[in-house]
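The structure under discussion appears below in the form of structure tokens.
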There are 2 protein chains.
Amino acid sequence: MPTETKKYTDKQELIAKFSNALGHPVRVAILQQLSKQSCCFHGDMAEVLPIANSTLSQHLKVLREAGLIQGEIDPPKTKYCINKENWNLVKGLMIGFFD
Amino acid sequence: MPTETKKYTDKQELIAKFSNALGHPVRVAILQQLSKQSCCFHGDMAEVLPIANSTLSQHLKVLREAGLIQGEIDPPKTKYCINKENWNLVKGLMIGFFD
DNA sequence: TTCGTAGTTCGTAAGATGACGAATATCATA
DNA sequence: TATGATATTCGTCATCTTACGAACTACGAA
């Protein structure tokens with residue numbers, strides 16, 4: 001039984017959460033790549049992006065936790081794809097937000 | 001003569017910058033309000049939002065520096081409006097980003 | 001000129017973020 | 001079983017963010 005009043009609407013929270021995930025250029029680059037070719041491997045991204053491997057893992061984790069991508073281990077590689085359901089959700093939220 | 005290689009494209013940087021500005025629910029709320037009624041005063045927002053006055057000023061500054069809003073002093077009040085040019089820019093960037 | 005209203009800026013504290021290399025985990029293959 | 005390839009997690013550090021109240025600024029009205 002929560003007594004606290006909600007400070008913001010669900011929609012506001014969602015837009016903020018997803019926007020945060022888009023708030024770093026390397027994450028934008030990752031999503032652009034994934035949305036272009038549906039899937040790709042950590043290693044392929046690591047070759048192209050100007051950051052350390054461990055940093056890439058961190059950014060992928062942020063995107064995963066925001067629900068924008070999903071990872072799948074395909075030993076010895078890890079394959080990442082767009083989470084289409086949430087992708088479409090965000091798309092709708094953004095379009096609605098900007099009129 | 002810059003020798004450094006650019007790490008990210010201008011578009012990636014822009015999307016990240018604007019997304020950052022949208023990355024807090026109170027800023028989403030502010031923009032929703034402004035886009036609904038074109039302009040409003042600091043004081044009116046302060047009455048509605050669950051944050052201190054000084055914190056509101058900080059958030060408005062973030063939005064101003066991102067170029068999403070513009071402020072105008074109308075003594076003794078300050079009036080804020082959407083920056084329509086950039087609003088449309090972001091809208092286009094986002095729509096393009098999500099296909 | 002003094003006062004009151006409306007905002008902004010300053011100072012500060014707590015917590016989140018982004019970066020890296022080192023250490024660790026996983027699993028196929030030699 | 002030992003090795004190698006591929007990622008992730010850990011530990012650490014510097015920086016940024018968010019929040020607040022106090023101090024300050026600006027300006028019209030008394």
Side-chain angles (χ1 to χ4, degrees), chain A residues 4-8 12-31 33-34 39-81 83, chain B residues 4-8 12-13 15-31 33-34 39-81:
Chain A
E4 89 279 357
T5 310
K6 271 236 306 49
K7 291 184 170 180
Y8 306 103
Q12 287 162 353
E13 299 273 13
L14 271 181
I15 292 175
K17 183 186 83 170
F18 288 124
S19 296
N20 247 318
L22 294 182
H24 191 293
V26 83
R27 294 199 291 264
V28 173
I30 291 167
L31 291 172
Q33 188 59 25
L34 287 179
C39 278
C40 80
F41 293 105
H42 176 120
D44 299 334
M45 300 192 258
E47 275 177 18
V48 174
L49 299 170
I51 53 174
N53 229 289
S54 54
T55 308
L56 176 54
S57 272
Q58 275 185 160
H59 285 296
L60 289 168
K61 188 177 179 184
V62 171
L63 291 172
R64 208 176 343 104
E65 288 181 345
L68 288 171
I69 65 173
Q70 39 205 161
E72 183 184 335
I73 298 176
D74 181 4
K77 303 195 172 191
T78 310
K79 192 173 71 175
Y80 284 95
C81 314
N83 178 326
Chain B
E4 90 280 354
T5 310
K6 267 228 319 48
K7 291 184 172 182
Y8 305 103
Q12 286 161 354
E13 300 272 13
I15 292 176
K17 183 185 82 168
F18 287 125
S19 295
N20 248 318
L22 295 182
H24 191 293
V26 83
R27 294 197 292 264
V28 173
I30 291 167
L31 290 172
Q33 188 59 26
L34 287 179
C39 278
C40 79
F41 294 105
H42 176 120
D44 299 334
M45 300 191 258
E47 275 177 20
V48 173
L49 299 170
I51 54 173
N53 228 288
S54 53
T55 308
L56 175 55
S57 272
Q58 276 184 164
H59 285 294
L60 290 167
K61 188 177 180 185
V62 170
L63 291 172
R64 207 176 344 103
E65 289 181 345
L68 286 170
I69 64 172
Q70 39 206 160
E72 184 185 334
I73 298 175
D74 180 4
K77 301 196 174 190
T78 311
K79 191 173 72 175
Y80 284 96
C81 315

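Chain letters run A, B, ... following the sequence lines, proteins first, then strands; residues in each count from 1. Since we're looking at a predicted model, the values are computed, not measured.
With values rounded to the nearest 0.5 angstrom, L34(A) atom CG is found 7.5 Å from C81(A) atom SG. Rounded to the nearest 0.5 Å, atoms CD1 (I30(B)) and CG (L68(B)) are 11.0 Å apart.
The two residues N83(A) and Q70(A) have their closest heavy-atom pair at CA-OE1, 3.6 Å. Across all their heavy atoms, Y80(A) and I69(A) have their closest contact at CD2-CD1, 3.6 Å.
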Return all side-chain donor-acceptor pairs below 3.5 angstrom for residues 19-26 of chain B, not counting sequence neighbours, or 'none' if the list is empty.
| residue | atom | partner | partner atom | Å |
| --- | --- | --- | --- | --- |
| S19(B) | OG | I15(B) | O | 2.7 |
| N20(B) | ND2 | G23(A) | O | 2.8 |
| H24(B) | ND1 | V26(B) | N | 3.0 |

Only pairs under 3.5 Å count here: list side-chain donor-acceptor contacts from residues 43-59 of chain A, not counting sequence neighbours, and write none if there are none.
| residue | atom | partner | partner atom | Å |
| --- | --- | --- | --- | --- |
| N53(A) | OD1 | H42(A) | NE2 | 2.6 |
| H59(A) | ND1 | R27(A) | NH1 | 3.0 |

Atom pairs under 3.5 Å, N or O on each side, protein against nucleotides 17-19 of chain D: can you list them with distances?
| residue | atom | partner | partner atom | Å |
| --- | --- | --- | --- | --- |
| dT18(D) | OP2 | R27(B) | NH1 | 3.1 |
| dA19(D) | OP1 | H24(B) | NE2 | 3.3 |
| dA19(D) | OP2 | H59(B) | NE2 | 2.4 |
| dA19(D) | N7 | Q58(B) | NE2 | 3.0 |
| dA19(D) | N6 | Q58(B) | OE1 | 3.3 |

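Residue T78(A) is in sugar-phosphate contact alone, with no base atom involved, counting any heavy-atom pair closer than 4.0 Å across all strands shown.
In this structure, K17(B) atom NZ and dC16(D) atom C1' are separated by 17 Å, rounded to whole Å. The distance between atom CG of D74(A) and atom C1' of dT6(D), rounded to the nearest whole Å, is 11 Å. Rounded to an integer number of Å, the gap from I30(A) CD1 to dA7(D) P is 13 Å. Computed from coordinates, the R64(A) CZ to dT9(D) C1' distance equals 11 Å when rounded to whole Å.
Contacts between chain B and DNA chain C, taken as any atom within less than 4.0 angstrom of a protein heavy atom, begin and end at dA6(C) to dT9(C).
For P76(A), the side-chain contact (heavy atoms from CB on, under 4.5 Å) criterion is met by no residue, not counting sequence neighbours.
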Let me have a per-nucleotide readout for nucleotides 22-30 of chain D, 5' to 3', with B, S or -, counting only protein heavy atoms under 4.0 Å. B----S---
